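In the text below, chain A, chain B and the rest are named by the order of the sequence lines, each starting its count at 1. These numbers were taken from a predicted model, which means no experiment stands behind them.
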Amino acid sequence: MEILRVEDLCKTYGKGETEVKALNHVSFSVEKGEFVAIIGASGSGKSTLLHILGGVDRPNSGKVYIDGTDIYSLNNDELAIFRRRQIGLIYQFYNLIPILNVEENISLPVLLDGKEVDAGRLNEIVDTLGLRDRVKHLPNQLSGGQQQRVSIGRSLMNTPAIILADEPTGNLDSKNSKEILELLKFSNKKYNQTIIMITHDQELALEADRILTIDDGCIVKNEKIR
Amino acid sequence: MNILKKLTLKYLKQNKKRTIVTIIGIILSGAMISAVATLAVSFQQFMLKVEIANSGNWEAMYENVEQDKVKYLEDNVKFSEVMKMLQIGMAQNPYSDEHFLYIKAYDEKALENMALTVERGRLPQNNKEICISASFFDGNDNEPKIGDTITLSMGNRISSDGYELISAPEEEGETFNVTGQKTYTICGIISRPDFEKSSDPFNGGVTLLDSSDISENSKWDVAVNVKRVHSIYEDSEEIAENLGLYPDTNAEENVYPITYNTSVLLYKGVNGTNGFNEMLYSVCGILILIIMVGSIMVIYNSFAISVQERKKQFGMLSSVGATKKQIQKSVLYEGFVLGCIGIPIGILAGIGGIGITIRIVGELLKSIINQGNWTLELVISWPTIVIAIILMALTIYFSVRLPAKRASKITPIEAIRQTDDIKEVNRKKIQTPKWIRKVFGIEGELALKNLKRSRKRYRTTVISLIISIVLYVSVSGFVGYLFTGFNSMYVNPEYDYIIPYSLYSDADTVEKEQIQNFEQEIKQTERIEKISYLYKYITTATIPKEKIDPRLQEEFSNDANFFSPPKMKTVLIKYLLIS
């Protein structure tokens, strides 16, 4: 089942001489349960692509369908709510709220929806991520790896259609990187969770089911690994 | 609790310093607004008190009410207080042919509230004692003194055509029809009571009401205070109609015999206008407006900084799916929480502060205004407090609205890209002239570059500075004018000595010379700082008869003296004001 379809995306920054084509007619699609890595050099347009997929930056033209919904036909508030429910975002710098504890940070998307937190789901995620004895800690009491695990937990909490991870290990040492990647793969298998990971690390990308290579705003390679 | 509210509270607790600074801003603003409003109300109540002392604590008076109708007024639910005055009647003045005595018996409430001012002695304590208007006494040797007993012939003044006269000037051919005798002991001398006008042919006397004086034919004047002062005119007329009080046959139609204490009613805010209330309200309005504008600037800045600090948080929240509305609400909630703490403290502080000020200033004012023994007192009124709360809520709302909108516009991208601040810098924009480094050193250059980089923040700082200077200058100027105006109204102009002298235009030259020498002498006196001259001309003039309004011509036609003034003269009164 197709969960993400990207049609002819274009995005430019600046005007006139300084115009930069960050995305140049990009199209691809992702099946449910796939773990896709997008790799590219600095400035290749991969972050722009991720932002547009995540519904936080609007394209100049083209369409993004997530689970059948054309997300840029939604207005800002609808898009925010859609993002809250259907897209999980994992950032390089974790972006946790420093004054909320682990449990609250993980539950944030549910709390923003004004819903009751499903304690079973929360416990399962906490246990899966190995954060059981840290639930009441604040982010600054955690190591980088632990913080990233919290942000994975947050992205999983609402069982979104897709999880977008932007250099999730970019800020971590090799041991922690490996752990995080294992966790992503584990969630991918366990929950049949679609994950799109952006990285510039070839080795990391090889762990994914499929690698999309982006250069100069175009998809130049689309290779299935397993 | 909603997660965003919880987040806001946590943030406020974490940033205690900034939170306290914002609350202090709100407290100051609330204190100033409530202080101004409370001062105004206190001052108005003070003026009302002075006015009540002058013209009595009553609002409306029904005149010439017949005995069988008094009860209706006494029992009327619309009145909060009823003061009865029985018309005892006219008496011949045993010491002078020129004037009569007109006596009324007041009940105890009337004695207390009708603004009787005892000059000497005391008020009557029974119906055998009487207080007499000071204007009764001419200073002759044969006049009675306090403690003396006087026997009066009571009766009616009857004109030559047989009408009863009361206030009408003495007529030729009028007679006095004696109906009885009354004996009183003089217990006090009072200032002219309000039923005696200076033009009346009688002087007033006041005794205490006793049921033995009441008869079937008694006539009363009944003064009242009403419960609902704002509809006093309509209500009073309705009552008069129900009573069957009829308009004076001489007066125009539909004018009921009701007198209103208009000056007191004006201070109570009923109908009509007097300069004082309007001045007070407009001055307060302007002051409060200035305070509000200033406060909005200060509080706005505080919230703008807060939003700047929480920018990352908002961006992050929005990337997790918080809507614009949720983020706006979160900032508004921050304002709400701070308002809930700051407004009550501010209003209490303002009232407390003005209470202390009034204590100190009240005594000073007492000596300045010279209006009897009345001191300015703190008056706390609920409507004022409610208005202050509303104004403060508006102030905070206007301060928070813009930062809240700005917060909601923060995109997740801005939160993700943490290098945002550096990227925006434009090299040309932050170029600084070379002399800056020479004069101020590298520190100065860095400071200027920083200002140029964040022009917006720099602009708010400059605007805040400008506004606070403008506020200070305008408020102090305003208050200065206010005091000058107030002084010229209630206090004499500034001088230490005044030397008045009159010059007749036809005065001989010798006198003029003398005066000029005198002035010269004063000018040369040491330690005289300033001499001001004030001239006042009083002239009489002859007006040809034809140029006078025909209606007046008739009035004057019998009195030839009006048209032949004494020798025309100009009087020049010259004052030397020496400080």
### Task
For A:Arg83 and B:Ser318, indicate whether the former's side chain and the latter's backbone hold a donor-acceptor pair under 3.5 Å.
yes
### Query
Quick check: are there more than 12 heavy atoms from other residues, nucleotides or ligands sitting under 6.0 Å from NZ of A:Lys63?
no
### Query
Would one find more than 12 heavy atoms of other residues, nucleotides or ligands at under 6.0 Å from atom NZ of B:Lys329?
no
### Check: A:Leu100 and B:Ile3 side chains under 4.5 Å, non-hydrogen atoms
yes
### Task
Sort out for me which residue in B:Lys324, B:Lys325, B:Lys409 forms a side chain to side chain contact (heavy atoms under 4.5 Å, CB included) with A:Asn76.
B:Lys324
### Task
Report the distance from atom CD1 of A:Ile97 to atom CG of B:Leu317, rounding to the nearest 0.5 Å.
4.0 Å
### Query
Counting only heavy atoms not in A:His137, do more than 12 fall under 6.0 Å of its NE2?
yes
#### Entry: B:Val320 and A:Leu89, any side-chain heavy atoms less than 4.5 Å apart
no
### Message
For A:Ala80 versus B:Ala322, what's the shortest heavy-atom pair and its separation?
### Response
CB-O, 3.7 Å
### Query
For atom OH of A:Tyr65, is the number of surrounding heavy atoms from other residues, nucleotides or ligands below 6.0 Å larger than 12?
yes
### Side chain / backbone / both / neither for A:Leu96 at chain B, heavy atoms under 4.5 Å
backbone
#### Entry: Residues, nucleotides or ligands: over 12 heavy atoms within 6.0 Å of A:Lys32 NZ
yes
### Message
Within a 6.0 Å radius of atom NZ on A:Lys21, are there more than 12 heavy atoms belonging to other residues, nucleotides or ligands?
### Response
no
### Summary
Between the CG atom in B:Asn2 and the CG atom in A:Leu111, the distance rounded to the nearest 0.5 Å is 9.0 Å
### Summary
So CG of A:Asp113 and OG1 of B:Thr323: to nearest 0.5 Å the spacing works out to 10.0 Å
### Task
May I ask you to check whether over 12 heavy atoms, not counting those of B:Arg401, lie within 6.0 Å of atom CZ?
no
## Note on the structure
Turns out that what part of A:Arg154 lies under 4.5 Å from chain B's heavy atoms comes down to side chain
### Query
Taking the side chain as C-beta and beyond, is there a heavy-atom pair between A:Glu104 and B:Leu7 under 4.5 Å?
no
### Query
Where do B:Gln313 and A:Ile99 come nearest, in terms of heavy atoms and distance?
NE2-CD1, 3.9 Å
